[in-house]
Amino acid sequence: LMIRRPPRSTPMPSSAASDVYKRQVTNSGESSWSLFSLFATANWSYGGKYFATATVRQDDTSRFAKATSDAVFPSGSLGWLVSAEDWFDSSIFDTLKVRASYGEVGVAPPAYITSTVLGPGGIGSSWGDGLDGSVYGNPFTQSTTRGNPDLKEERKKEFEIGFDSRFFDNNLTLGFTYYDNKTEDGILALPITPSSGFNTTFQNATLITKKGIEVDISANLINTEDLSFDINGSFTQNRNIVESLEGAAYFGLNGFTGTESGIAEGEPYGIQRHGQFLKDASGSLLLGSNGFPQADPELLIAGDPNPDFRAGLGTSLRYKNFNFTTQFETSQGNDVWNGTYSVMLFWGIHESTDILTTNDTGSTIFNAWGDPIPAGAQFRGYIEDFGAGPVAVDHEWWTANGGGFGDVTSQFVEDASWVKLREISLSYDFDRSLIERLGLDNLSLSVSGRNLFTWSNIKEFDPENNLTGASRGRGLE
């Protein structure tokens, strides 16, 4: 049982104060924490043309030590309706509004990590059954995570500027936003020397920046009594970089079988780290005695799961009582580690392993284990030349560095760009006369489908899948 009592606070008798106490109970213990907040908002407008908003919030949470538990987060926005000015030429623009905003928010860590805590004891071993501490007097042991009383909140700051506009009797709309986001004092559980008696400690360790643009456009191309046609589109592009990372050259966020998604200084967030083949200075493979590539002891930082851009395109067609809509989406330039393909090679169930090949080289060749395959003999696999002559690629290679559980994973990084027909629908609106006779307000019949088609080089799985689920790891399948 691990409990830290929340600080005593006296809520103000005002809608501008909130006092939250949260208690969580699981099958192995109980935790509690509290949050006390004050906030104020001011709004100003003048002449229906100029607008301003300012907000300030102060939080006090028991998740931090008392010295760092208070934090203040300001935000504000400005707007100018340019089209309302007397001098504005409205021959093209129907509406034009320019806007800018700035805001800060904080992210608190899990409860208790500012203190070194005790937990139910026990011991486990890979060579036998573990010992449940509750059976032996319920002893407590010290956590392997050292508390950090100096920890403070992870703070996100964002500035954005943009405009919203309408043209040609409101038949065309265009919106644009540029944003600059900075995450300071990112909280990570970094490893520390085991001689300290601990394995990890939470620290304010990262500075991450993200800059990007967002564009939205829509147009009403046809609009008659019986026929209308609308189109809309969106485009987003951003670049995020880990500007600094203290305490580690690389920090893994999640991973599987020798590959990781994580952060490294000077690299995009979520960049992957892989085992690679050993190469010489010219980039040529260094081969072993059997003619196969060898694993490099140094890991390679490569494989960016972040797309170069994302975009969407939608259409809406109406003809009398019929309505037909489509929505396409795309993500371009994002990489993925194709674990499905690599594991299928390991188990010999991928189509490329289901090949019966005759050694037609005229001489004996060898597989990765060094087993000879005489001229004219058949084997399951195929012949390949990595640079030192033909070799037999078979199960001995797929179950080693040529498959999913080997030391080399960079070979399975692929372009995971995709285009999807996200949604398509067809509907019919029944005549008003029939609806009224039935005593209804409206009546329509429709059929729709989602994610019916995907165009991608990835064939083994949906390129939007993530092996590690709702985690910070990216680009793994």
Side-chain angles (χ1 to χ4, degrees), residues 176-179 181 208-217 231-242 252-264 266-277 300-315 325-345 350-352 403-404 408-424 449-477:
F176 174 84
T177 301
Y178 167 81
Y179 61 88
N181 181 300
I208 302 173
T209 60
K210 181 169 69 172
K211 301 177 181 180
I213 61 171
E214 299 176 351
V215 181
D216 297 290
I217 188 171
I231 188 170
N232 64 83
S234 63
F235 177 88
T236 62
Q237 184 179 58
N238 73 71
R239 296 289 182 268
N240 66 78
I241 294 293
V242 179
L253 301 172
N254 222 318
F256 181 71
T257 66
T259 187
E260 286 183 293
S261 172
I263 54 178
E267 300 288 349
Y269 184 92
I271 194 73
Q272 296 172 3
R273 184 168 67 169
H274 299 276
Q276 60 180 321
F277 288 120
L300 173 70
I301 293 181
D304 184 359
N306 301 287
D308 295 334
F309 69 88
R310 295 193 65 155
L313 177 65
T315 64
T325 63
T326 63
Q327 185 67 44
F328 292 87
E329 291 183 19
T330 184
S331 176
Q332 296 293 318
N334 45 298
D335 295 328
V336 67
W337 172 72
N338 193 337
T340 298
Y341 170 53
S342 70
V343 171
M344 292 176 72
L345 288 178
H350 192 269
E351 60 182 5
S352 63
V408 180
T409 55
S410 59
Q411 59 187 313
F412 303 115
V413 176
E414 301 181 25
D415 179 13
S417 301
W418 53 264
V419 177
K420 286 191 174 186
L421 176 56
R422 183 68 78 188
E423 185 170 5
I424 184 171
R450 289 183 58 82
N451 299 319
L452 297 182
F453 297 99
T454 299
W455 295 270
S456 175
N457 292 330
I458 301 295
K459 303 302 180 185
E460 290 82 10
F461 56 89
D462 186 334
E464 286 190 286
N465 283 359
N466 189 18
L467 174 67
T468 57
S471 76
R472 294 184 296 176
R474 302 178 182 178
L476 307 173
E477 208 295 323

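We count residues from 1, following the sequence as given.
Considering all non-hydrogen atoms of both residues, Leu476 and Gly255 come closest at CD1-CA, 3.8 Å. Pairing each heavy atom of Gly403 with each of Phe412, the nearest pair is O-CE1, 3.6 Å. Across every non-hydrogen atom of Trp337 and Ser342, the tightest pair is CZ2-OG, 3.8 Å.
Put simply, the side chain of Gln332 does not reach to within 4.5 Å of the side chain of Pro307, judged on heavy atoms.
Within the 3.5 Å criterion, the main-chain N or O of Gln272 finds no donor-acceptor partner in the side chain of Ser261. Not a single donor-acceptor pair under 3.5 Å links the side chain of Thr259 to the backbone N or O of His274.
The distance from atom CZ of Arg474 to atom OG1 of Thr468, rounded to the nearest 0.5 Å, is 10.5 Å. Once rounded to the nearest 0.5 Å, the distance linking CG of Leu467 with OG1 of Thr340 reads 8.0 Å. To the nearest 0.5 Å, the span separating CD1 on Ile424 from CZ on Phe328 amounts to 7.0 Å. Rounding to the nearest 0.5 Å places CZ of Arg239 at 10.0 Å from CZ of Phe309.
In this structure, the side-chain hydrogen bond (donor to acceptor under 3.5 Å, both in side chains) partners of Ser352, at least two apart in sequence or on a different chain, are His350. Residues that satisfy the side-chain contact (heavy atoms from CB on, under 4.5 Å) test with Asp304, not counting sequence neighbours, are Pro268, Ile271, Asn306, Asp335. Applying the side-chain hydrogen bond (donor to acceptor under 3.5 Å, both in side chains) test to Thr177 and every residue at least two apart in sequence or in another chain returns Arg99. By the salt bridge (Lys or Arg N to Asp or Glu O under 4.0 Å) test, Glu260 is found to be paired with Arg273, residues two or more places apart in sequence or in another chain being considered. In this structure, the salt bridge (Lys or Arg N to Asp or Glu O under 4.0 Å) partners of Asp462, at least two apart in sequence or on a different chain, are Lys420. Taking the ring-ring contact (aromatic ring centres under 6.0 Å, His included) definition, one finds that Tyr178 meets it with nothing, sequence neighbours left out. The side-chain hydrogen bond (donor to acceptor under 3.5 Å, both in side chains) test applied to Gln237 returns no partner, not counting sequence neighbours. In this structure, Tyr179 has no ring-ring contact (aromatic ring centres under 6.0 Å, His included) partners at least two apart in sequence or on a different chain. Residues satisfying the side-chain contact (heavy atoms from CB on, under 4.5 Å) test with Asp216, not counting sequence neighbours, are Ser234. With sequence neighbours excluded, the residues satisfying side-chain hydrogen bond (donor to acceptor under 3.5 Å, both in side chains) with Glu414 are Asn338. Every residue two or more places apart in sequence or in another chain that forms a side-chain contact (heavy atoms from CB on, under 4.5 Å) with Thr325 is listed here: Ser316, Ser425. Scored by the salt bridge (Lys or Arg N to Asp or Glu O under 4.0 Å) test, Arg450 finds Glu423 as partners (sequence neighbours excluded).
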